[in-house]
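None of these values were measured; they are calculated from a predicted model.
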Amino acid sequence: MKTTASTSAPHPLPISGSLDDIDIDNYVHGYSTHESRRLADQADALSDRLHHDTTYPAGAKVLEVGCGVGAQTVHLVVASPEARFTAVDVSAASLALARARVTAQVPEAQVTWLQTDLFEPPFPDAEFDHVFVCFVLEHLASPHRALAALRRVLRPGGTLTVIEGDHGSAFFHPDSPYARAAVDCLVQLQSTGGGNALVGRQLHPLLTASGYDHITVHPRTVYTDRSRPALVKAFTLDTFTAMIESVREDALAADLTTPVGLGPRRRRPAPHRYGRHRHVPLHVLQGGGPTTGRRVQPDRPGHL
């Protein structure tokens with residue numbers, strides 16, 4: 001028997017919007033046109049590493065949580081064109097941009113867009129075959145609560161994919177105290193805002209404590225050096241460096257560092273001249289289920 005949970009009517013979505021109009025609240029990276037572009041660059045740069053084995057069968061009902069501006073959504077619908085996606089986010093403006101992005105790039109995609117709170121998803125119990133969460137838990141003060149809410153709407157035997165980064169496990173050669181100090185500022189700011197930039201290393205115990213089973217973790221690293229100029233530009237410069245640069249003023253305002261502590265601001269080198277080696281791990285969960293991909297299977301439906 002399927003039990004219907006209480007639901008609220010979807011909020012109407014504007015057909016256009018600007019992320020600059022959104023209250024930043026505690027989202028450490030901010031809502032801006034620059035951040036929207038960075039998220040798209042990140043998704044494109046990491047698509048092969050994150051999504052090469054994430055596919056859903058025809059007719060499968062997939063919930064993407066925290067879809068933001070649709071940067072990951074595009075890659076999901078391309079990989080699984082016959083699946084039926086529901087993409088949710090708390091921001092109407094982000095959803096409008098996500099819908100516009102997907103419509104422009106994959107007009108035939110089957111996506112329903114909904115503004116809602118992920119802690120109280122307005123769906124019946126066991127509504128979805130699969131749930132996809134990418135770079136979301138790191139921004140939550142209560143990831144356990146979010147995972148419990150998602151478990152309710154996931155059918156028995158369904159799968160959950162969780163992808164998160166771990167900013168504290170970036171390595172550089174030659175080593176740079178300035179780079180490590182700058183990354184640490186981001187980690188501290190995210191913690192102050194209620195998030196956790198180190199959540200990648202905690203995924204297995206987090207999912208276990210939330211009642212999921214058949215959990216496996218697949219670290220997926222990103223390595224760059226000057227022999228890979230395309231990846232240097234797409235990831236090192238346009239994704240990772242851009243992310244760290246975005247919190248510079250907040251870090252200074254919070255007295256986490258000084259301009260001297262962050263080192264001199266330099267003009268970015270061309271990708272083929274960028275000699276520093278960078279190694280950044282991403283953490284991905286995998287479990288049992290009927291589809292390929294990274295996923296976690298709950299042992300039973302319902303609230304914890």
Side-chain angles (χ1 to χ4, degrees), residues 38-87 98 101-102 104-111 128-138 154 158-167 169-170 199-201 203-204 207 212 214-225 227-240 243 271 278-297:
R38 188 192 70 81
L39 291 173
D41 290 338
Q42 172 180 263
D44 292 344
L46 300 178
S47 61
D48 289 343
R49 287 168 175 78
L50 299 186
H51 302 305
H52 73 275
D53 56 354
T54 300
T55 58
Y56 302 110
K61 299 175 69 174
V62 183
L63 174 64
E64 183 192 4
V65 177
C67 68
V69 298
Q72 304 294 337
T73 315
V74 168
H75 295 282
L76 292 176
V77 298
V78 167
S80 302
E82 297 184 47
R84 293 177 292 166
F85 290 89
T86 298
R101 183 189 304 276
V102 172
Q105 298 186 34
V106 197
E108 69 280 7
Q110 303 180 69
V111 184
F128 295 96
D129 302 305
H130 311 283
V131 175
F132 180 84
V133 183
C134 185
F135 303 138
V136 173
L137 298 184
E138 64 171 300
L154 188 60
T159 65
L160 169 69
T161 298
V162 180
I163 300 173
E164 294 291 342
D166 188 326
H167 301 318
S169 52
V199 73
R201 68 188 69 177
L203 287 181
H204 196 288
L207 270 289
Y212 293 85
H214 300 287
I215 302 167
T216 59
V217 178
H218 294 266
R220 307 216 170 176
T221 62
V222 182
Y223 172 82
T224 67
D225 59 34
S227 70
R228 307 176 183 191
L231 190 57
V232 167
K233 182 182 186 307
F235 182 76
T236 304
L237 299 180
D238 294 345
T239 298
F240 195 79
M243 176 181 66
R278 302 200 176 203
H279 176 90
V280 181
L282 302 164
H283 295 260
V284 182
L285 287 168
Q286 182 175 16
T291 65
T292 61
R294 303 166 298 281
R295 53 200 183 263
V296 181
Q297 179 175 318

**Side-chain donor/acceptor of E164 to backbone N/O of L137, under 3.5 Å** = yes
**Message:** Looking at every heavy atom in both A109 and V102, which two are closest together, and how far apart are they?
**Reply:** CB-CG1, 4.0 Å
**Asked** Could you give the distance from CD (E138) to CG (D166), rounded to the nearest 0.5 Å?
**Response** 10.0 Å
**Prompt:** Of all heavy-atom pairs between V222 and R49, which one has the smallest distance, and what is that distance?
**Reply:** CG2-CD, 3.9 Å
**Straight-line distance of L231 CG to T239 OG1, nearest 0.5 Å** = 9.0 Å
**Fill in**
Between Q72 and C134 the two heavy atoms that sit nearest each other are CD-SG, 3.9 Å
**Fill in**
In this structure, CZ of F132 is separated from OG1 of T54 (nearest 0.5 Å) by 6.0 Å
**Message:** Assess the residue pair L63 and L154 against the criterion (side chain to side chain contact (heavy atoms under 4.5 Å, CB included)); give the C-alpha distance rounded to whole Å, side-chain angles, the decisive distance to 0.1 Å, and a yes or no.
**Reply:** CA-CA 9 Å; L63 174 64; L154 188 60; over 6 Å; no
**Complete:** To the nearest 0.5 Å, atom OG1 of T159 lies from atom OH of Y212 at 10.5 Å
**Any donor-acceptor N/O pair, R84 side chain to K61 backbone, under 3.5 Å** = no
**From NE2 (H75) to OG1 (T73), nearest 0.5 Å** = 9.5 Å
**Item:** Least distance between heavy atoms, A98 atom then G68 atom
**Value:** CB-O, 3.4 Å
**Asked** Which atom names give the shortest non-hydrogen contact between A170 and F240, and what distance separates them?
**Response** CB-CZ, 4.0 Å
**Message:** Apply side chain to side chain contact (heavy atoms under 4.5 Å, CB included) to residues V62 and F128 and explain how you reach the verdict.
**Reply:** CA-CA 6 Å; V62 183; F128 295 96; 5.9 Å; no
**Prompt:** Sequence neighbours excluded, which residues qualify as side chain to side chain contact (heavy atoms under 4.5 Å, CB included) partners of E82?
**Reply:** A58
**Prompt:** Residues in ring-ring contact (aromatic ring centres under 6.0 Å, His included) with F85, at least two apart?
**Reply:** none
**Message:** Can you give me the closest heavy-atom contact between V106 and V78, atom names plus distance?
**Reply:** CG2-CG2, 3.7 Å
**Message:** Let me confirm one number: the NE2-CG distance from H130 to L76, rounded to the nearest 0.5 Å.
**Reply:** 12.0 Å
